[in-house]
Amino acid sequence: MKMVGIVGSLRKDSIHRQVFNHYREIASETFAVEEGVIAGIPLFDGEDMDNPVALKLADQIRSADGVIFFAPEYNYSVSGALKNAIDWMSRMDPQPFAGKPASIIGASPGNVGTARMQYHLRQIGVFLDLRFLNKPEVMIGGAFDKIKDGRIVDDSTVKFLGSHTERFAAFVNQ
Ligand SMILES: Cc1cc2nc3c(=O)[nH]c(=O)nc-3n(C[C@H](O)[C@H](O)[C@H](O)COP(=O)(O)O)c2cc1C
C-alpha cells in the first residue's frame, strides 16, 4: 500500500514535518508514505490550472491508496497553505480526493492538539467526498515536549502512531 502524506505547514522547523518524517519510519512495515508537496502551489485564482506542483500532487493523490494530512491548527482552523492546496485539488478533473480514504494527524503546543482544525478539515472533506477514518483521532497536545530534534521522543505517542498505521491500513482495505 502507498499513502500520500501532505504536510500542511511550510515552516522550516515545522513540528508537522518532524511528525511526518518519524511517522513514515513507524509506518514503513505497514505501508509507504510518499510526500505530496504543497510548497510552491500559487494562490488559487482559477485561471492558469497548469501549475506543475499542483498537477503532480493531484496525480500522486489519484494513484495513492489513501491520504494522510499532517495538519497544523492555525487560528482554530486549517492553515491557509493547506486550504489553498485543497482548493486547487477540488478543481481538478478527475477529482483526486473523491472516494479517497483519509486520516488527520495534528500536533500543537497547547492541550487541544488541533481538534478544532480537525473538525473543520473533516467538514471540508464532505464536499470533496473524502472518506475520513473516524477513529483513532490523532491529536498530539503538548507537542513541544514530545517532539524534539526531528523525532517524537514520547514513547506513548510513538506507540499510538504505530496503532494508527494498523487501523488506517485496515480501513483502506475495507
Ligand atoms: C498563524 C498561526 C496560528 C496559530 N493558531 C493556533 C491555534 O488556533 N491553535 C493552536 O493550538 N495553535 C495555534 N498556533 C500554534 C501552532 O500550533 C504551532 O505554531 C505549531 O508549531 C504549528 O505547527 P507547525 O510547527 O507544523 O507549523 C498558531 C500558529 C500560527 C503560526
Side-chain angles (χ1 to χ4, degrees), residues 3-28 31-45 51 53-54 56-57 60-61 64 66-90 96-97 100 102-128 130 132-165 168:
M3 311 299 175
V4 171
I6 299 177
V7 179
S9 170
L10 304 180
R11 286 187 339 107
K12 185 167 64 66
D13 298 324
S14 160
I15 52 175
H16 290 85
R17 173 152 304 284
Q18 297 176 57
V19 171
F20 166 76
N21 287 335
H22 197 160
Y23 182 90
R24 267 176 130 169
E25 279 179 38
I26 296 167
S28 61
F31 48 70
V33 188
E34 152 187 302
E35 181 170 5
V37 173
I38 64 169
I41 300 179
L43 284 177
F44 178 83
D45 65 7
N51 178 265
V53 185
K56 180 176 176 190
L57 179 63
Q60 283 178 297
I61 295 167
V67 179
I68 304 173
F69 295 97
F70 296 81
E73 180 173 287
Y74 281 3
N75 299 308
Y76 283 19
S77 190
V78 176
S79 68
L82 179 57
K83 180 62 164 57
N84 182 57
I86 290 172
D87 290 344
W88 268 88
M89 296 303 109
S90 74
F97 285 130
K100 200 61 75 175
S103 189
I104 307 168
I105 292 177
S108 72
N111 291 329
V112 182
T114 74
R116 294 161 294 220
M117 175 282 299
Q118 295 205 14
Y119 293 119
H120 279 190
L121 186 48
R122 284 176 186 274
Q123 182 181 355
I124 293 164
V126 174
F127 182 69
L128 302 171
L130 274 166
F132 274 113
L133 174 72
N134 283 331
K135 292 178 183 174
E137 296 178 303
V138 184
M139 299 167 175
I140 305 169
F144 289 171
D145 295 325
K146 295 175 181 166
I147 302 157
K148 291 191 194 296
D149 301 324
R151 308 286 299 169
I152 301 163
V153 294
D154 178 60
D155 289 344
S156 65
T157 303
V158 171
K159 204 168 155 206
F160 181 49
L161 290 174
S163 68
H164 173 269
T165 65
F168 190 49

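First listed ligand is number 1; within each ligand, the first listed atom is number 1.
Using a 4.0 angstrom heavy-atom cutoff, Gly110 does not count as in contact with ligand 1. Contact between Val112 and ligand 1 is absent, with no heavy atom of the residue lying under 4.0 Å from the ligand.
Using a 30° and 60° split on the angle between ring planes, Phe132 and Phe69 fall in the tilted class, from 30° to 60°. Below 30°, between 30° and 60°, or above 60°: for Phe31 and Tyr23 the angle between ring planes is between 30° and 60°, a tilted geometry.
For atom 6 (C) of ligand 1, the nearest protein heavy atom (residue, atom name, distance) is Glu73 O, 3.0 Å. The closest protein non-hydrogen atom to atom 27 (O) of ligand 1 is Ser9 OG, 2.7 Å. The protein non-hydrogen atom at the shortest distance from atom 5 (N) of ligand 1 is Asn75 N, 2.8 Å. What sits closest to atom 20 (C) of ligand 1 on the protein, heavy atoms only, is Ile15 CD1, 3.9 Å. Of the protein's non-hydrogen atoms, the one nearest atom 31 (C) of ligand 1 is Tyr74 CE1, 4.0 Å. Considering only non-hydrogen protein atoms, atom 23 (O) of ligand 1 sits nearest to His16 ND1, 3.2 Å. Looking only at protein heavy atoms, the nearest one to atom 25 (O) of ligand 1 is Arg11 NH2, 2.7 Å. When only non-hydrogen protein atoms are considered, atom 8 (O) of ligand 1 lies nearest to Tyr76 N, 2.7 Å.
If you check each of Ala115, Ala143, Pro109 against atom 17 (O) of ligand 1, the one with the closest non-hydrogen atom is Pro109.
On a distance-only criterion, Arg17 and ligand 1 share no N/O pair closer than 3.5 Å. At under 3.5 Å, not a single nitrogen or oxygen of Asp13, backbone or side chain, sits near a nitrogen or oxygen of ligand 1.
The closest donor-acceptor contact from the side chain of Glu73 to the backbone of Gly106 lies at 3.5 Å or more, if one exists at all. Panel note: side chain His16, backbone Ser9; no donor-acceptor pair is recorded below 3.5 Å.
By the 4.5 Å heavy-atom criterion applied to side chains, Ile6 and Leu57 are counted as neighbours. Leu161 is listed as a side-chain neighbour of Ile105, based on a closest heavy-atom distance under 4.5 Å.
Nearest heavy atom pair, residue Lys100 against residue Ala64, reads NZ-O, 2.7 Å.
Less than 4.0 angstrom separates some heavy atom of Ser108 from each of these atoms of ligand 1: 11 (O), 17 (O). Near Ser14, meaning under 4.0 Å from one of its heavy atoms, ligand 1 places the atoms 24 (P), 25 (O), 26 (O). Less than 4.0 angstrom separates some heavy atom of Pro72 from each of these atoms of ligand 1: 22 (C), 23 (O).
Side-chain atoms of Glu34 and Gln60 include a donor-acceptor pair closer than 3.5 Å. At a cut-off of 3.5 Å, with distance as the only test, a side-chain donor of Ser156 or Asp154 sits close to an acceptor on the other residue.
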**Message:** Val33 vs Phe20, test: side chain to side chain contact (heavy atoms under 4.5 Å, CB included). Steps then yes/no.
**Reply:** CA-CA 9 Å; Val33 188; Phe20 166 76; 3.8 Å; yes

